[in-house]
Amino acid sequence: MAKRVLFIDRDGTLINEAPPTYQLDSFDKLTFYPKMFEYMGRIARELDYELVMVTNQDGLGTASFPEDTFWPLHNLVMKSLEGEGIFFKEVLIDRSYPHENLPTRKPGTGMLTHYMNNPAYDLENSYVIGDRITDVQLAKNIGSKAIWLNLDPELGGAEIKDKAMELRETTVALESCDWAEIYSFLKLGLRKVEHERNTNETKIRIGLNLDGSGKAKIQTGLGFFDHMLDQIARHGKLDLTVETNGDLHIDEHHTIEDTGIALGEAFAKALADKKGLERYGFALPMDEAEAKVLIDFGGRNWLVWDAEFKREKIGEMPTEMFFHFFKSFSDAAKCNLNIYCRGENEHHKIEAIFKAFAKAVRMAVKRDPFSNYLPSTKGIL
């Protein structure tokens, strides 16, 4: 089976940077990155990655950076790591300056050619971990993803060929300065799926990241429905893309119902084996409206709906379709949903329901990286 690799930078990642020279050439400059030992140790013991250190050391061996000031400190770093059970298969050091533009210097791939196009390694599911945008560029160059400890986004900016914003969108799997978050991400994985559902009546594409930050891009052709789906993303802290092309020239029914089905199917795929899952969620007042949504991703679909609307439509969305949306989601996601709402303003009522649904989902999909427990006495969900 192909091996996954963590290509890990040293300065600014395992140890702290040493500005203004950014050269670790005296012992008084050496400090280790906060929480690195604890969580790198967990990664080394618990996860199936090879560890490779990849570092640029500008001018190493020259008069400005003699080797006798580098190796004693570097050897201490390595022995300290090994003392915590953190062993690197390789330590790859480039000594060149940026202006030399050598292929061995990150983000160049010259030091990593033996990993590339090598069936023994699964670079697609490997990561470069570093504090500079050059580490992100390196990840793209070798066909991997990046974990970016972005303490200073300007570091390395002059040495990349792609725009930083594009690299952020295409290559950064996690942006965090916290080794605890990096460990959690590597252990639990990114619950991110792309899902399509196409029929003669609708064509739907869903992009879902359960571990996102609340970014949304919604286009269903129904403005109020878009607004409600946006609530799910923002209040559930999910990254959600919905593109629905439906037969709106007939009516709204298929667009709303099939979007609910497709979104539920995407949730079912993203939740996968459900280990470490909280499973349950509940919550929400909005002005005079009171909404309560209970959810259980327990593998069985059921909907209890206790909400009434006096208006036929809110925006261009028929109020009867709110029930159909949540019923479709429950059926496809295989979850229990109990939805209750009371209030006077119809807009407030349905928005409160969607926000409460988002909060309930957020609670239920939360995972504990220290638990491999399946939340069921049956042993299956």
Side-chain angles (χ1 to χ4, degrees), residues 197 199 201-202 204 206 214 216-238 240 242-267 280-297 300-364:
R197 186 178 192 274
T199 70
E201 298 162 339
T202 57
I204 302 170
I206 304 284
K217 184 178 180 182
I218 313 293
Q219 187 173 355
T220 68
L222 299 169
F224 187 78
F225 190 35
D226 291 355
H227 181 50
M228 292 301 99
L229 293 174
D230 185 77
Q231 302 299 319
I232 295 175
R234 297 189 186 281
H235 293 280
K237 292 188 178 178
L238 318 169
L240 180 62
V242 179
E243 295 177 11
T244 301
N245 293 301
D247 52 2
L248 292 176
H249 60 286
I250 296 175
D251 70 4
E252 307 87 351
H253 188 103
H254 297 139
T255 292
I256 297 168
E257 185 175 53
D258 289 4
T259 298
I261 293 171
L263 184 60
E265 289 171 342
F267 264 80
Y280 304 103
F282 49 89
L284 180 129
M286 182 171 180
D287 295 340
E288 88 298 337
E290 174 193 359
K292 180 171 65 176
V293 175
L294 313 179
I295 195 166
D296 173 14
F297 285 106
R300 298 188 304 276
N301 57 297
W302 194 269
L303 175 64
V304 174
W305 178 263
D306 187 0
E308 295 182 355
F309 298 92
K310 299 172 185 176
R311 286 164 52 183
E312 180 183 352
K313 286 188 174 184
I314 302 177
E316 70 276 57
M317 189 169 175
T319 53
E320 67 179 7
M321 289 307 301
F322 297 134
F323 167 86
H324 281 284
F325 171 79
F326 287 108
K327 177 67 165 61
S328 299
F329 179 89
S330 171
D331 289 346
K334 294 182 173 57
C335 70
N336 288 182
L337 267 177
N338 281 225
I339 297 176
Y340 163 92
C341 186
R342 294 291 184 271
E344 298 298 326
N345 184 287
E346 305 294 83
H347 185 121
H348 288 170
K349 285 160 63 178
I350 193 57
E351 187 165 342
I353 287 174
F354 272 86
K355 287 180 176 177
F357 172 74
K359 288 292 188 181
V361 166
R362 185 63 182 168
M363 294 179 202

Check: What pair of heavy atoms forms the shortest contact from F224 to G315, and how long is it?
Finding: CB-CA, 4.3 Å
Please set out all donor-acceptor pairs under 3.5 angstrom arising from side-chain atoms of residues 324-332, sequence neighbours excluded.
| residue | atom | partner | partner atom | Å |
| --- | --- | --- | --- | --- |
| K327 | NZ | D331 | OD1 | 3.2 |
| K327 | NZ | D331 | OD2 | 2.8 |
| S328 | OG | E257 | O | 3.4 |
| S328 | OG | H324 | O | 2.8 |
| S330 | OG | W302 | N | 3.1 |
| S330 | OG | W302 | O | 3.2 |
| S330 | OG | C335 | O | 2.6 |
| D331 | OD1 | N301 | ND2 | 2.8 |

Check: Would you call K310 and E346 a salt bridge, taking side-chain N to carboxylate O under 4.0 Å as the test?
Finding: no
Next item on the list: Identify the heavy atoms of D258 and E201 that sit nearest to each other, and give their distance.
Entry: OD2-OE1, 4.4 Å
Notebook entry, point to check: Out of curiosity, E265 CD to I204 CD1, how far, rounded to the nearest 0.5 Å?
Noted result: 8.5 Å
Next item on the list: Would you check, one step at a time, whether the test side chain to side chain contact (heavy atoms under 4.5 Å, CB included) holds for L294 with N336?
Entry: CA-CA 8 Å; L294 313 179; N336 288 182; over 6 Å; no
Margin query: Would K334 and F297 count as a cation-pi pair here, with the cationic atom under 6.0 angstrom from the ring centre and within 45° of the axis?
Written below: no
Note to self: Pair L337, V293 - check side chain to side chain contact (heavy atoms under 4.5 Å, CB included), show working.
What the structure shows: CA-CA 7 Å; L337 267 177; V293 175; 3.9 Å; yes
Notebook entry, point to check: Can you tell me how far the CD1 atom of I314 sits from the CZ atom of F225, to the nearest 0.5 Å?
Noted result: 13.0 Å
Check: Can you tell if the side chain of V361 reaches within under 4.5 Å of the side chain of M363, non-hydrogen atoms only?
Finding: no
Item checked: Nearest-0.5 Å distance that lies between atom NZ in K349 and atom CZ in F322 -> 10.5 Å
Check: With sequence neighbours left out, what residues match R234 under side-chain contact (heavy atoms from CB on, under 4.5 Å)?
Finding: D230
Next item on the list: Find the distance between CD1 (I295) and CG (N338) and round it off to the nearest 0.5 Å.
Entry: 10.0 Å
Notebook entry, point to check: Any ion pair linking D306 and K292 (charged N to carboxylate O, less than 4.0 Å)?
Noted result: no
Next item on the list: Under the side chain to side chain contact (heavy atoms under 4.5 Å, CB included) rule, what do I339 and L303 come out as? Steps first, then yes or no, please.
Entry: CA-CA 8 Å; I339 297 176; L303 175 64; 4.2 Å; yes
Next item on the list: Could you tell me which non-hydrogen atom of K355 sits nearest to which non-hydrogen atom of Q231, and how far apart they are?
Entry: CE-OE1, 3.0 Å
Notebook entry, point to check: In chain order, what residues pass the salt bridge (charged side-chain N to carboxylate O under 4.0 Å, His left out) check against K217, with sequence neighbours excluded?
Noted result: none
Notebook entry, point to check: Side chain of T319, backbone of R311: donor and acceptor closer than 3.5 Å?
Noted result: yes
Check: Is it true that a side-chain atom of D247 and a backbone atom of H249 form a donor plus acceptor pair closer than 3.5 Å?
Finding: no
Item checked: Rounded distance [0.5 Å steps], OG1 in T220 versus CD1 in I256 -> 7.5 Å
Check: Can you name the residues that form a side-chain hydrogen bond (donor to acceptor under 3.5 Å, both in side chains) with E316, not counting sequence neighbours?
Finding: none
Notebook entry, point to check: Closest heavy-atom contact between L240 and I218?
Noted result: O-CD1, 3.9 Å
Checklist line | Set of residues satisfying side-chain contact (heavy atoms from CB on, under 4.5 Å) with respect to N345, sequence neighbours excluded | finding: E288, H347, H348
Check: Going by atom types alone, do T244 and T259 pair a side-chain donor with an acceptor below 3.5 Å?
Finding: yes
Check: Looking at K313 and E252, does any basic side-chain N land under 4.0 Å from a carboxylate oxygen?
Finding: yes
Item checked: Over all atoms of both residues, closest heavy-atom pair of A307 and I353 -> CB-CD1, 4.1 Å
Item checked: By salt bridge (charged side-chain N to carboxylate O under 4.0 Å, His left out) - contacts of D226 (at least two apart) -> none
Next item on the list: Any chance you could measure I261, atom CD1, to H254, atom NE2, to the nearest 0.5 Å?
Entry: 10.0 Å
